[in-house]
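Input: a single structure, listed below in structure tokens.
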Number of protein chains: 2
Amino acid sequence: MHSSTDTSSLTALIGDLVSVNHRLTRLAAASTASAESPAVWRTIAVLRDLGPMRLGELARVSRVSQPTMTKLVHTLDDRGWIRRIADANDARAWLISADPSGLEALDAWRDELVGAMAPYFDDLSIDERETLARAVAVIRTRIERADDTARNGAATA
Amino acid sequence: MHSSTDTSSLTALIGDLVSVNHRLTRLAAASTASAESPAVWRTIAVLRDLGPMRLGELARVSRVSQPTMTKLVHTLDDRGWIRRIADANDARAWLISADPSGLEALDAWRDELVGAMAPYFDDLSIDERETLARAVAVIRTRIERADDTARNGAATA
DNA sequence: GAAGAATGCATAGCCCAACTATATAGCTAG
DNA sequence: CTAGCTATATAGTTGGGCTATGCATTCTTC
């Protein structure tokens, strides 16, 4: 399992990564009674991290289609969690911006989620914590690289 | 960032973990044109890893409701990817077992997925690979512990 | 500066995974 | 043998995801 440099082990590694990723998703979903969906939180988090942007760009960064993002933004707007700012330079477009109440709701959800999941992780050793933190960082760089590609309107690799 | 034993850093770590997890899920979803859904593959993988089991148990381990699993099993059965074996001891129940063709399909899907995602990960250093491999192992132990609890019919902690 | 192409978002209509609530069938105790 | 529990199935809803398409606006080009 640790003979790490050949291609086949990269295959196994990515396969395992995706597999454990799906299982963690189910665990997280089952761990919170929150009525709101992950997609909603993902969207607010993107706006928080990258700042206001147009709907279409938000869709590409979130890796969903533009109509899907239109629906999500509508949901978010209904809850008052984002604001739509008319783009002065282009009457077709809006800038979507996270509303403070949205950031607050995001934090509350995160706290609830973490509260529910912490029992599974609170016996991590310091080493294990650092391993997880580094893994998160590694994956994040790869995803962000892919996001940049997507952001410039490229197709799916 | 490394004053690692306090609660707040665990909160941040879990939050980051779940966040990057969702983004990886979107990347994976967008990376394959496969018509089949992740839930299908997750189910076969569970059967492969844990062996034949009853539908209800499969639902608990997969952390979905029993009706959801009934539907998934139906889908899998239509494709011939699982077998339903009558439980000799209980006429209400079946043992669900992965069919070889299902395992084959799972492998094919994994290969396709990995092929699509490898470009994002093929420049990993050996260190980074080992970090990811260890992180996968750590998360897996936590999920399996949670699974065992679920398997015995417990609620969501 | 108007016609046609390209762009940005919305709408329509679909599929599927997830849920709750409930029905049906079979097992098990008394 | 009946009461209740257990295992799966069905019904019906919600919501994220998609493609296809419509409509308004901007850009381009002559």
Side-chain angles (χ1 to χ4, degrees), chain A residues 22-23 25-44 46 52-79 82 84-96 151-153 155-156, chain B residues 22-23 25-44 46 52-79 82 84-96 151-153 155-156:
Chain A
H22 279 140
R23 293 170 73 187
T25 297
R26 285 311 305 154
L27 181 59
S31 293
T32 155
S34 161
E36 301 300 336
S37 64
V40 158
W41 305 122
R42 192 184 62 219
T43 305
I44 300 179
V46 167
M53 66 181 80
R54 293 183 168 192
L55 193 148
E57 189 178 7
L58 188 52
R60 283 192 300 274
V61 169
S62 302
R63 299 195 160 262
V64 300
S65 67
Q66 171 263 308
T68 296
M69 187 50 67
T70 294
K71 272 207 267 186
L72 281 171
V73 164
H74 207 84
T75 302
L76 286 164
D77 204 14
D78 288 348
R79 286 162 184 61
I82 52 119
R84 310 177 71 124
I85 304 161
D87 187 328
N89 300 330
D90 188 338
R92 296 166 301 180
W94 307 86
L95 286 178
I96 313 296
R151 204 168 188 177
N152 301 327
T156 314
Chain B
H22 280 139
R23 294 169 74 187
T25 297
R26 284 312 305 156
L27 181 60
S31 292
T32 157
S34 161
E36 301 300 335
S37 64
V40 158
W41 306 123
R42 192 184 61 221
T43 304
I44 300 179
V46 167
M53 67 181 80
R54 293 185 168 190
L55 192 148
E57 189 178 4
L58 187 51
R60 283 192 300 276
V61 169
S62 301
R63 300 196 162 261
V64 301
S65 68
Q66 170 262 308
T68 296
M69 187 49 68
T70 294
K71 272 209 268 186
L72 281 171
V73 164
H74 207 84
T75 302
L76 287 163
D77 203 15
D78 288 348
R79 286 161 184 61
I82 52 119
R84 310 177 71 125
I85 304 162
D87 186 328
N89 301 330
D90 188 337
R92 297 166 301 180
W94 274 278
L95 287 177
I96 313 296
R151 203 167 189 179
N152 301 328
T156 315

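Not measured: the values here are computed from a predicted model. Quick note on labels: first sequence line is chain A, next is B, and so on, each numbered from 1.
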Are any of [X]'s side-chain N or O atoms less than 4.0 Å away from OP1 or OP2 of [N]?
{"X": "B:R26", "N": "D:dC18", "result": "yes"}
{"X": "B:R60", "N": "D:dA7", "result": "no"}
{"X": "B:S65", "N": "C:dC19", "result": "yes"}
{"X": "A:T70", "N": "C:dA10", "result": "yes"}
{"X": "B:R84", "N": "D:dA9", "result": "yes"}

Starting from [atom2] on [N], measure out to [atom1] on [X] and report it in whole angstrom.
{"X": "A:E36", "N": "C:dA18", "atom1": "CD", "atom2": "P", "value": "18 Å"}
{"X": "A:D87", "N": "D:dT26", "atom1": "CG", "atom2": "P", "value": "9 Å"}
{"X": "B:K71", "N": "D:dT10", "atom1": "NZ", "atom2": "C1'", "value": "10 Å"}
{"X": "B:H22", "N": "D:dG17", "atom1": "NE2", "atom2": "P", "value": "10 Å"}
{"X": "A:L76", "N": "D:dG16", "atom1": "CG", "atom2": "P", "value": "9 Å"}
{"X": "B:L58", "N": "D:dA9", "atom1": "CG", "atom2": "P", "value": "12 Å"}
{"X": "B:H74", "N": "C:dA18", "atom1": "NE2", "atom2": "P", "value": "17 Å"}
{"X": "B:L72", "N": "C:dC16", "atom1": "CG", "atom2": "C1'", "value": "10 Å"}

- Which is true for A:S37 with a 4.0 Å heavy-atom rule: it touches a base, it touches only sugar-phosphate, or it touches nothing? sugar-phosphate
- Name the nucleic acid region contacted by A:P38, choosing base, sugar-phosphate or nothing; use a 4.0 angstrom heavy-atom cut-off, strictly under.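 If one applies the 4.0 Å heavy-atom cut-off, A:P38 turns out to touch nothing in the nucleic acid.
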- Nearest-nucleotide comparison on DNA chain C, the residue closer to the 5′ end among A:A93 and B:T68: A:A93
- Which residue lies more 5' along DNA chain C, comparing A:D90 with B:Q66 via nearest heavy atoms: A:D90
Nearest-nucleotide pick for [X], side chain only, options being [options]:
{"X": "B:W94", "options": "C:dA10, D:dA9, C:dG13", "answer": "D:dA9"}
{"X": "B:P67", "options": "C:dA21, D:dG17, D:dG12", "answer": "C:dA21"}
{"X": "B:L55", "options": "C:dC19, D:dT8, D:dC18", "answer": "D:dT8"}
{"X": "A:R92", "options": "C:dT7, C:dC19, C:dT11", "answer": "C:dT7"}
{"X": "B:V64", "options": "D:dT26, C:dC19, D:dG16", "answer": "C:dC19"}
{"X": "A:A91", "options": "D:dT26, C:dA12, D:dT8", "answer": "D:dT26"}

- Message: Nearest heavy atom decides the nucleotide; on that basis, is A:T75 or B:L95 closer to the 5' end of DNA chain D?
- Response: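 Taking each residue's closest nucleotide, the earlier one in sequence belongs to B:L95.
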- Message: Reading DNA chain D from 5' onward, which residue's closest nucleotide shows up sooner: B:G56 or A:A39?
- Response: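 Upstream on the strand: B:G56.
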What closest approach, in Å, do [X] and [Y] show between heavy atoms, and which atom pair accounts for it?
{"X": "B:S62", "Y": "B:M69", "answer": "OG-CE, 3.6 Å"}
{"X": "B:A59", "Y": "B:S65", "answer": "CB-O, 3.8 Å"}
{"X": "A:I96", "Y": "A:R54", "answer": "CG1-C, 4.4 Å"}
{"X": "A:R26", "Y": "B:R63", "answer": "NH2-O, 2.8 Å"}

- B:L95 CG to B:L58 CG distance, which is reported to the nearest 0.5 Å: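 Those atoms lie 11.0 Å apart.
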- Between atom CD1 of A:I44 and atom CZ of A:R42, what is the distance when rounded to the nearest 0.5 Å?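 It is 11.5 Å, given to the nearest 0.5 Å.
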